[in-house]
Participant: 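For reference, the structure I am asking about is given below.
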Amino acid sequence: MLLRVPMPTLPSGRGPITPGSRAGIGAALVLLVVVAGLSATDHGLSRFVGLFAIVPIVAAVFAYWQPVVGVGVLATVVGAVFVATSGNVDPAAMVNVLAIALGTGLAAVVARTRQRQDLRIEELRRLALVAQQAVLRPLGPQIGPLAVADRYISASTAADIGGDLYEALDTPYGVRIIIGDVRGKGLDAVRLASIVLGSYRHVAYERADLRAIVTDLDRAVARSVGDEDFVTAALIEERGGTLTIVNCGHPAPLLLRRGQVIALEPPSPAPPLGFMPVARPRVERLEPGDRLLLFTDGLGEARRDGEFFPTADRAWRLLGHGTVGDGLASLETALVDWVRGRLEDDIALVLLEYSGPDGGPGVPMPSWEVGAAGS
């Protein structure tokens with residue numbers, strides 16, 4: 001189904017003046033005063049009157065077309081007054097006044113064109129945000145025994161959208177979470193992310209084994225991408241206090257426990273989805289108060305002056321306080337400050353906190369945990 005998004009009409013000019021318009025008008029008025037000062041010291045001549053044509057052009061750089069016309073009319077009137085009072089109304093002076101009026105018209109056309117482009121970019125940005133929100137549903141705040149918070153940090157304020165993805169579901173087999181990153185950006189990446197999430201939201205309820213879910217998702221990706229496209233992903237399951245992680249080429253989650261930060265690396269590396277991964281699960285026993293940070297590789301690539309953000313070193317100090325939402329807010333603030341507001345890639349973050357057994361109906365122990373003493 002196609003979604004038609006109507007383009008907004010241009011503002012009528014009766015609303016509040018935007019900061020950009022104020023800046024453009026201010027700069028134009030300053031220039032108007034400067035040119036008027038030059039003309040006033042020209043000993044009755046009108047050699048500088050033609051410079052008034054620059055005034056509306058300066059306003060057009062930032063302001064909407066309505067203020068540009070107003071500034072241009074004012075510049076034309078002031079220029080005409082200087083010509084009339086100079087006592088030297090010759091054809092050249094009249095041409096200068098006409099040049100001001102012509103400059104006003106051209107500046108208004110430029111401002112109107114720029115205004116339309118600005119509005120179109122803003123509409124595309126909103127459409128991109130809606131598309132991404134349709135793919136990434138908000139998580140939490142509580143799923144089973146896990147407190148959950150999510151955050152998506154965009155590297156761009158334009159209409160670029162990426163393929164970072166995440167989802168958390170309370171299934172008959174425990175709480176299951178996926179986090180992943182599609183290679184590439186734009187609508188193709190969002191399309192593939194939606195395919196992965198759509199498949200995951202179905203098979204997570206149907207498959208008892210995480211490895212079977214990986215197989216299903218790999219087939220979905222392979223049917224939908226080219227030879228060089230892929231999706232890194234980590235699948236996490238909490239079942240009766242047991243944490244199971246199956247990692248397909250994705251950054252390892254970080255376990256925060258009693259002041260320590262532990263990278264939960266997989267037992268052996270596995271390729272991303274789309275390359276037929278055969279992943280071995282990693283199993284951990286959770287303790288009440290444990291927190292788990294899931295993230296995409298934009299966090300690992302965030303750097304300043306060639307130095308990467310020290311995620312593991314600062315994770316406990318940033319994420320180990322308050323609620324899980326407070327922790328992610330602290331991490332985002334520290335990260336943006338580290339890179340001075342300039343990220344190279346989008347970042348998806350999910351923070352989980354295990355509160356202990358919820359007292360509800362038990363779920364079967366994962367088959368790969370049976371006999372795994374001490375795991």
Participant: Ignoring hydrogens and angles, tell me if any N or O in the side chain of D170 forms a donor-acceptor pair with the backbone of I143 under 3.5 Å.
Facilitator: no

Participant: Determine the minimum heavy-atom distance between W65 and Q115, stating which atoms define it.
Facilitator: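 Smallest interatomic distance, heavy atoms only, reads CD1-OE1, 3.2 Å.
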
Participant: Should L243 and L264 be marked as a side chain to side chain contact (heavy atoms under 4.5 Å, CB included) after you check the CA-CA gap, both sets of side-chain angles, and the distance that decides it?
Facilitator: CA-CA 11 Å; L243 182 73; L264 300 181; 3.9 Å; yes

Participant: Mind checking whether V58 and V110 sit in one hydrophobic cluster, side chains of I, L, V, M, F, W, Y counted as touching below 4.5 Å?
Facilitator: no

Participant: Flag the pair P281 / L210 as yes when at least one side-chain heavy-atom distance between them is below 4.5 Å, and no otherwise.
Facilitator: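 No; the side chains remain at least 4.5 Å from each other.
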
Participant: Without swapping roles, check the side chain of R114 against the backbone of A60 for a donor-acceptor pair under 3.5 Å.
Facilitator: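 Such a contact is found between R114 side chain and A60 backbone.
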
Participant: For the atom pair CD1 (I245) and CD (E265), what is the distance rounded to the nearest 0.5 Å?
Facilitator: 10.0 Å

Participant: Using only atom types and a distance under 3.5 Å, with no angle test, would you say the side chain of R207 pairs donor to acceptor with the backbone of A212?
Facilitator: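 Not a single qualifying donor-acceptor pair exists.
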
Participant: Would you indicate whether E344, at its atom CD, is surrounded by more than 12 heavy atoms from other residues, nucleotides or ligands within a distance under 6.0 Å?
Facilitator: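 For E344, atom CD is not crowded (no more than 12 foreign heavy atoms under 6.0 Å).
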
Participant: Quick check: closest heavy atoms across V68 and P56, and the distance to 0.1 Å?
Facilitator: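 Closest pair (atom of V68, atom of P56, distance): CG1-O, 3.7 Å.
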
Participant: Side chain to side chain contact (heavy atoms under 4.5 Å, CB included) between D326 and H321: does it pass, once the steps are laid out?
Facilitator: CA-CA 7 Å; D326 296 333; H321 67 88; 4.1 Å; yes

Participant: Do V81 and V73 share a hydrophobic cluster, counting only Ile, Leu, Val, Met, Phe, Trp and Tyr and linking them when any side-chain heavy atoms are less than 4.5 Å apart?
Facilitator: yes

Participant: Would you check if the side chain of Q142 reaches a backbone N or O of G144 as a donor-acceptor pair within less than 3.5 Å?
Facilitator: yes

Participant: Using 0.5 Å steps for rounding, measure from the OH atom of Y166 to the CG atom of D150.
Facilitator: 3.5 Å

Participant: Considering all heavy atoms of both residues, which atom of I195 and which atom of S224 are nearest to each other, and what is their separation?
Facilitator: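 Heavy atoms only, the tightest pair is CD1-OG, 3.5 Å.
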
Participant: Is the shortest side-chain heavy-atom distance between L102 and L98 below 4.5 Å?
Facilitator: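 Not in contact.
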
Participant: Please identify which of these residues, T333, T323, I153, L319, meets the side chain to side chain contact (heavy atoms under 4.5 Å, CB included) condition with L328.
Facilitator: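 For L328, the side chain to side chain contact (heavy atoms under 4.5 Å, CB included) test succeeds with only one of T333, T323, I153, L319, which is L319.
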
Participant: Do you reckon L74 sits in the same ILVMFWY cluster as V30, going by side-chain contacts under 4.5 Å, direct or chained?
Facilitator: no

Participant: Check whether R239 reaches the backbone of Y173 with its side chain - one donor and one acceptor, N or O, closer than 3.5 Å.
Facilitator: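 Flag set: sc R239 to bb Y173 pair under 3.5 Å.
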
Participant: How many angstroms lie between atom CG of L136 and atom CD of E167, to the nearest 0.5 angstrom?
Facilitator: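 The distance works out to 8.5 Å.
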
Participant: By the definition side chain to side chain contact (heavy atoms under 4.5 Å, CB included), identify the one residue from V350, V324, L351 that meets it with V148.
Facilitator: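 The residue from V350, V324, L351 that satisfies side chain to side chain contact (heavy atoms under 4.5 Å, CB included) with V148 turns out to be V350.
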
Participant: Are any of the side-chain heavy atoms of V261 and D313 separated by less than 4.5 Å?
Facilitator: no

Participant: For T242 and R285, does a side-chain donor sit closer than 3.5 Å to a side-chain acceptor?
Facilitator: yes

Participant: Take T215 and R219 through the side chain to side chain contact (heavy atoms under 4.5 Å, CB included) test and state the conclusion after the steps.
Facilitator: CA-CA 6 Å; T215 300; R219 290 172 181 165; 3.8 Å; yes

Participant: Is it true that L38 and L29 fall in one hydrophobic cluster, defined by side-chain heavy atoms closer than 4.5 Å?
Facilitator: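 Result: yes, single cluster for both.
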
Participant: Check whether any side-chain heavy atom of P267 sits under 4.5 Å from a side-chain heavy atom of R282, and report yes or no.
Facilitator: yes

Participant: Using the side chain to side chain contact (heavy atoms under 4.5 Å, CB included) rule, take R176 and I213 through it: C-alpha gap first, then chi angles, then the decisive distance, then the call.
Facilitator: CA-CA 11 Å; R176 286 176 164 176; I213 297 177; 3.3 Å; yes

Participant: With the side chain counted from C-beta on, respond yes when L292 and Y354 share a heavy-atom pair under 4.5 Å apart, and no when they do not.
Facilitator: no

Participant: Say you draw a straight line from CZ of F62 to CD1 of I25; how long is it, rounded to the nearest 0.5 Å?
Facilitator: 12.5 Å

Participant: Side-chain contact, heavy-atom cut-off 4.5 Å: L106 with I57?
Facilitator: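 They are not in contact (no side-chain heavy atoms under 4.5 Å apart), so the answer is no.
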
Participant: Does any part of the side chain of T76, heavy atoms only, come nearer than 4.5 Å to the side chain of F52, both counted from C-beta?
Facilitator: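 They are not in contact (no side-chain heavy atoms under 4.5 Å apart), so the answer is no.
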
Participant: Let me know which of L331, L352, L318 forms a side chain to side chain contact (heavy atoms under 4.5 Å, CB included) with L293.
Facilitator: L331

Participant: If I compare all heavy atoms of W338 with all of E307, which pair ends up nearest, and what's the gap?
Facilitator: NE1-O, 3.2 Å

Participant: Can you tell me how far CD1 of I178 sits from NE2 of H250, rounded to the nearest 0.5 angstrom?
Facilitator: 9.5 Å

Participant: Check whether any side-chain N or O of D297 sits under 3.5 Å from a backbone N or O of G300 as a donor-acceptor pair, and report yes or no.
Facilitator: no

Participant: Please determine whether residues Y205 and V175 belong to a single hydrophobic cluster, defined as Ile, Leu, Val, Met, Phe, Trp and Tyr linked transitively by side-chain heavy-atom distances below 4.5 Å.
Facilitator: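 Same cluster.
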
Participant: Does any non-hydrogen side-chain atom of F309 lie less than 4.5 Å from one of L299?
Facilitator: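 Sidechains of F309 and L299: in contact.
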
Participant: Which heavy atom of I347 sits nearest to which heavy atom of G298, and what is that distance?
Facilitator: CG1-C, 3.5 Å

Participant: Strictly distance-based, threshold 3.5 Å: is any side-chain N or O of Y200 a donor or acceptor partner for the main-chain N or O of I177?
Facilitator: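 Checking the backbone N and O of I177 against the side chain of Y200, a donor-acceptor pair under 3.5 Å is found.
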
Participant: Could you report the tightest heavy-atom contact between A252 and N247, atom names first, then the distance?
Facilitator: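 Distance-wise, the nearest heavy atoms are CA-ND2, 3.9 Å.
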
Participant: Would you compute the distance between atom CG of L192 and atom CG of L165 and round it to the nearest 0.5 angstrom?
Facilitator: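 L192 CG to L165 CG: 8.5 Å, rounded to 0.5 Å.
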
Participant: Going by the side-chain hydrogen bond (donor to acceptor under 3.5 Å, both in side chains) test, name the single residue among T232, D346, D164, D345 that passes it with T296.
Facilitator: D164

Participant: Give a yes or no on whether R304 atom CZ has more than 12 heavy-atom contacts from other residues, nucleotides or ligands under 6.0 Å away.
Facilitator: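 Yes, because the 6.0 Å sphere around CZ of R304 holds more than 12 heavy atoms from other groups.
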
